[in-house]
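The structure appears right after this line, and notes come after that.
The structure presented is a predicted model; accordingly, all values stated were derived computationally and were not measured. So you know, we letter chains A, B, ... as the sequences are listed, proteins then strands, and number each from 1.
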There are 2 protein chains.
Amino acid sequence: MVDRSALASVLQLGFSRATGPRKIVVETVVAWEGHFSAEELCRSLPQVGRATVYRTLASLQEEGVICRLMIDGRAPRYLLGGTQHHHHMVCTQCGAVQDIADCGVDDFVDTVAERFGYELDGHRLEIYGRCSTCVGGEGASS
Amino acid sequence: MVDRSALASVLQLGFSRATGPRKIVVETVVAWEGHFSAEELCRSLPQVGRATVYRTLASLQEEGVICRLMIDGRAPRYLLGGTQHHHHMVCTQCGAVQDIADCGVDDFVDTVAERFGYELDGHRLEIYGRCSTCVGGEGASS
DNA sequence: CACCAATTGAGACTTTATCTCAGGAGTGGT
DNA sequence: ACCACTCCTGAGATAAAGTCTCAATTGGTG
Ligand SMILES: [Zn+2]
Ligand SMILES: [Zn+2]
Ligand SMILES: [Zn+2]
Ligand SMILES: [Zn+2]
């Protein structure tokens with residue numbers, strides 16, 4: 001669940017002014033269902049320049065309002081709710097994405113970092129599969 | 001450790017002919033130390049066309065000879081040894097990459113897939129940190 | 001309201017990757 | 001060794017994704 005009332009406090013996002021174009025971008029992002037690419041956002045906001053869209057997305061990501069999802073060789077996709085550490089379960093067929101709230105792998109990650117003598121920065125885990133809808137739909141047909 | 005004698009059997013890579021350009025690409029990839037991007041490979045093989053380099057990389061990846069490493073928003077990097085499932089520990093400072101042979105997270109992954117009712121396809125885990133060399137070097141200086 | 005620095009955005013440019021198709025080269029048969 | 005047949009190659013066009021520039025605009029402040 002995303003706290004839309006946090007929007008106001010987030011509008012300035014490392015800038016010093018709450019401007020019109022940025023409001024439009026932030027409001028669109030907050031209202032967006034599911035994930036989107038930067039270019040998709042640009043296309044749906046022709047009244048806002050591409051540079052501003054990209055700048056705002058970068059800020060939103062730094063502020064933890066959105067998180068970036070890298071799937072295969074495709075363009076990054078963005079998703080509301082990057083505030084706390086989490087992972088994603090992605091449907092390879094329909095593209096649905098579930099947030100996995102509990103990390104579940106931090107012990108293993110710590111162990112590995114220690115084994116290699118690394119000073120840990122972070123980690124990224126993505127799980128791929130087919131969601132129940134996609135599996136069900138296929139099973140029913142043919 | 002990569003079995004270079006497997007090279008011969010790999011040269012055809014889903015094609016029906018073992019051609020000169022492909023030999024050059026495969027041999028260069030096998031001899032490469034560390035990871036590389038497609039463009040780096042192109043640059044170091046001006047005698048081979050870009051299309052062929054990309055085609056061969058795609059085949060090598062499908063065959064599991066190399067694995068693709070996505071770091072942040074940068075271009076994919078390739079690395080020998082994708083035959084069996086594994087993960088990577090990446091140094092965010094110098095770019096060094098360690099293979100993590102043991103998966104270590106498959107139980108968690110299974111649990112999550114079951115929880116969401118997904119039919120599992122696979123998963124990707126990358127761990128970021130600074131390697132002992134980078135940490136040591138920094139600690140010693142300034 | 002005026003001022004001024006912060007911000008915007010059109011468009012050029014860069015990087016990375018895919019596509020096209022005429023010409024070139026590997027293979028198997030003879 | 002040669003031919004023929006087909007697959008493969010590569011120069012260059014095109015596409016996709018994102019960054020950069022800088023003149024014009026605008027929000028915030030007093
Ligand atoms: Zn699905
Ligand atoms: Zn985690
Ligand atoms: Zn390092
Ligand atoms: Zn694994």
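- A heavy atom lying under 4.0 Å from DNA chain D marks the following residues of residues 39-50 of chain B, by number: Gln47(B), Val48(B), Gly49(B), Arg50(B).
- For Glu62(A), the side chain to side chain donor-acceptor pair (under 3.5 Å) test picks out no residue, with sequence neighbours left out.
- Cys134(B) and Cys91(B) get closest at one heavy-atom pair: SG-SG, 3.7 Å.
- The CZ atom of Arg68(B) sits 10 Å away from the C1' atom of dA17(C) (whole-angstrom rounding).
- Rounded to 10°, the angle separating the first-five-pair axis and the last-five-pair axis of the helix from dC1(C)-dG30(D) to dT30(C)-dA1(D) equals 30°.
- Taking the side chain to side chain contact (heavy atoms under 4.5 Å, CB included) definition, one finds that Ala51(B) meets it with Arg55(B), sequence neighbours left out.
- For the side chain to side chain contact (heavy atoms under 4.5 Å, CB included) test, residues two or more places apart in sequence or in another chain that qualify with Asp110(A) are Leu120(A).
- When the C1' atom of dT7(C) is taken as reference, atom NZ of Lys23(A) falls 14 Å away, rounded to whole Å.
- Linking ILVMFWY side-chain heavy atoms closer than 4.5 Å, directly or via other members, places Val112(A) and Leu125(A) in a single hydrophobic cluster.
- In this pair, Tyr118(A) and Phe116(A) present their aromatic rings perpendicular. The plane angle is above 60°, beyond the 30 to 60° band.
- Every residue meeting the side chain to side chain donor-acceptor pair (under 3.5 Å) condition with Asp121(B), not counting sequence neighbours, appears here in chain and number order: Thr92(A).
- Closest of all the heavy-atom pairs between Ala113(B) and Met89(A) is CA-SD, 4.0 Å.
- Rounded to whole angstrom, the span from the CD1 atom of Ile71(A) across to the C1' atom of dA17(D) amounts to 16 Å.
- Taking the six-membered ring where tryptophan is involved, the planes of His87(A) and His123(A) are tilted, since the angle between them lies from 30° to 60°.
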Using a cutoff of under 3.5 Å, can you pull out all pairs of nitrogen or oxygen atoms linking the protein to nucleotides 21-23 of chain D, with atom names and distances?
none

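- Glu126(A) is linked by a side chain to side chain donor-acceptor pair (under 3.5 Å) to Arg124(A), Tyr128(A), counting only residues two or more places apart in sequence or in another chain.
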Check nucleotides 25-28 of chain C against the protein and report each pair of N or O atoms closer than 3.5 Å, with its distance, or say if there are none.
from    : atom 1 : to       : atom 2 : distance (Å)
dG26(C) : N2     : Arg17(B) : NH2    : 2.7
dT27(C) : OP1    : Ala18(B) : N      : 3.4

Acceptor/donor pairs from residues 40-50 of chain B side chains to any protein atom, 3.5 angstrom cut, sequence neighbours excluded:
from     : atom 1 : to       : atom 2 : distance (Å)
Glu40(B) : OE1    : Ser37(B) : N      : 3.1
Glu40(B) : OE1    : Arg77(B) : NH2    : 2.9
Glu40(B) : OE2    : Arg77(B) : NH1    : 3.4
Glu40(B) : OE2    : Arg77(B) : NH2    : 3.1
Ser44(B) : OG     : Leu41(B) : O      : 3.1

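- For His88(B), the ring-ring contact (aromatic ring centres under 6.0 Å, His included) test picks out His86(B), with sequence neighbours left out.
- An OP1 or OP2 oxygen of dT18(C) is reached within less than 4.0 angstrom by no side-chain nitrogen or oxygen of Tyr54(B).
- Contacts of Asp102(A) classified as side chain to side chain contact (heavy atoms under 4.5 Å, CB included), with partners at least two apart in sequence or in another chain: Ile100(A), Phe108(B), Arg115(B).
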